[in-house]
There are 2 protein chains.
Amino acid sequence: MKTSQTLFNQTKLKATQARLEVTDILLKNPRPLSHQEILKKLPQNFDRVTLYRNLNWLLKNGLIHRISGEDRARYFEINHQFIQSNEKYRSSRKIAPDNHLHAHFNCQNCGKFFCLDDIHPKFKLELPPKFIFDTIELTVKGKCSRCQ
Amino acid sequence: MKTSQTLFNQTKLKATQARLEVTDILLKNPRPLSHQEILKKLPQNFDRVTLYRNLNWLLKNGLIHRISGEDRARYFEINHQFIQSNEKYRSSRKIAPDNHLHAHFNCQNCGKFFCLDDIHPKFKLELPPKFIFDTIELTVKGKCSRCQ
DNA sequence: AATTTAATGCAACATTATTGCAATAAATTC
DNA sequence: GAATTTATTGCAATAATGTTGCATTAAATT
Ligand SMILES: [Mn+2]
Ligand SMILES: [Mn+2]
Ligand SMILES: [Zn+2]
Ligand SMILES: [Zn+2]
């Protein structure tokens, strides 16, 4: 398991204690986590606004993804392009965007997200004129195994 | 254009003034609308909590869909199965669920949703053991034509 | 007509997230 | 290395969206 320090070293992005702590948590977790879930895993005194700001910074710099849950909370997941970053990325300041085209499952009861890594839908993407594409989000909704 | 009264008459669901007004707005609009957008289109004195409650009632009874936007608001769209309801549905109390498998575009700037009626992705849906499927949401994100 | 059930209106509350600003910490310049 | 500039943090206040409690009104049932 790579540490977040190792990964930051492969980029020109500046690491701070808070960024490393937050990124480490996302690296260790196989599913997207909410702000609340992340905060619980951080040291007791970690400020919640600092966490919001760090998540926004990580998002802006492409190290993580953000998805919106049915429960109005946002869930954060490591950008797997970042984990696999190599020479190609070390030379640039920004992390390359993860096309992120695997699906997620969102439990309508507990709100948790789960990665459905094997689901990669295929379709022709034609947008209306002058619409600009950024990303795709495919979410399957229902109840997770613990919530029936 | 069918009126909401006509559509309610085709079911056993009880119509009230508020339900008819809200449903009429959603029928007239080709894209999902937020609570705020709907409220603006209703008479000045329409209570915002009553709107929340009516949207929840319409959702529970399957007349509308709800999708979560990047902006943390929820957007509501008529269930097209309801519009096309016929004998098959008149006999049941509940509206048949819309599989709702067309995609939506969500503008990252203004938050608006647009229907991408022609996008119907195909993929094999295999969930982890004991997970219960309900619906699918496919959202393309980016900027709409007005927001560049 | 009396009773029960459902819907409404308003205030209070809940949750998630952002903003303002002073205090610290880190980086840069001299 | 001291001084200056820039970036980050911590805490309080504020914003946006949505739900709950409860008394009132309306509608349906007996
Ligand atoms: Mn994932
Ligand atoms: Mn639609
Ligand atoms: Zn669950
Ligand atoms: Zn837009």
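Letters go in sequence order (proteins before strands), and every chain restarts at 1. This is a predicted model, so every value here is computed, not measured.
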Engineer: With sequence neighbours excluded, give me every ring-ring contact (aromatic ring centres under 6.0 Å, His included) pair touching residues 129-148 of chain B.
Structural biologist: A/F105-B/F131, A/F114-B/F131

Engineer: Applying ring-ring contact (aromatic ring centres under 6.0 Å, His included), which residue pairs with at least one partner in residues 13-37 of chain A are found, sequence neighbours left out?
Structural biologist: A/H35-A/Y52

Engineer: Expected output is a numbered-order residue list: members of residues 45-55 of chain B with a heavy atom under 4.0 Å from any atom of DNA chain D. What is it?
Structural biologist: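 Heavy-atom contacts with DNA chain D come from B/R48, B/V49, B/Y52, B/R53.
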
Engineer: In whole Å, what is the span from the CZ atom of B/R74 to the P atom of C/dT15?
Structural biologist: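 Value for this atom pair: 14 Å.
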
Engineer: How would you list, by chain and number, every residue that makes a ring-ring contact (aromatic ring centres under 6.0 Å, His included) with A/F46, sequence neighbours excluded?
Structural biologist: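 None.
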
Engineer: With sequence neighbours excluded, what pairs up with B/R31 under the side chain to side chain donor-acceptor pair (under 3.5 Å) test?
Structural biologist: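 Side chain to side chain donor-acceptor pair (under 3.5 Å) list for B/R31, sorted by chain: B/E37.
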
Engineer: Enumerate the side chain to side chain donor-acceptor pair (under 3.5 Å) contacts for residues 112-130 of chain B, please, sequence neighbours excluded, ordered by first and then second residue.
Structural biologist: none

Engineer: Could I get the full list of side chain to side chain donor-acceptor pair (under 3.5 Å) partners for A/Q36, not counting sequence neighbours?
Structural biologist: none

Engineer: Taking atom types as they are modelled, is there a donor-acceptor pair under 3.5 Å from the base of C/dT16 to the side chain of B/R72?
Structural biologist: yes

Engineer: Among pairs that include at least one residue of residues 19-28 of chain A, which meet side chain to side chain donor-acceptor pair (under 3.5 Å), considering only residues two or more places apart or in two chains?
Structural biologist: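 Every pair satisfying side chain to side chain donor-acceptor pair (under 3.5 Å) with a residue in residues 19-28 of chain A: A/S4-A/D24.
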
Engineer: Name the nucleic acid region contacted by A/N56, choosing base, sugar-phosphate or nothing; use a 4.0 angstrom heavy-atom cut-off, strictly under.
Structural biologist: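 The residue A/N56 makes sugar-phosphate contact but no base contact.
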
Engineer: Quick one: CG on A/N109 to CZ on A/R146, what's the gap to the nearest 0.5 Å?
Structural biologist: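 Here the rounded value is 10.5 Å.
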
Engineer: Would you please name every residue forming a side chain to side chain donor-acceptor pair (under 3.5 Å) with A/K143, sequence neighbours left out?
Structural biologist: none

Engineer: With sequence neighbours excluded, tell me which residues meet side chain to side chain donor-acceptor pair (under 3.5 Å) with A/D134.
Structural biologist: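 With sequence neighbours excluded, A/D134 shows a side chain to side chain donor-acceptor pair (under 3.5 Å) to B/Q108, given in chain and number order.
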
Engineer: Do any of residues 28-40 of chain A sit with a heavy atom less than 4.0 Å from DNA chain D, and if so which?
Structural biologist: none

Engineer: Extract, from 5' to 3' on DNA chain D, the first and final nucleotides lying under 4.0 angstrom from some heavy atom of chain A.
Structural biologist: D/dA7 to D/dG18

Engineer: How many whole angstroms separate atom CG of A/L20 from atom P of C/dA26?
Structural biologist: 12 Å

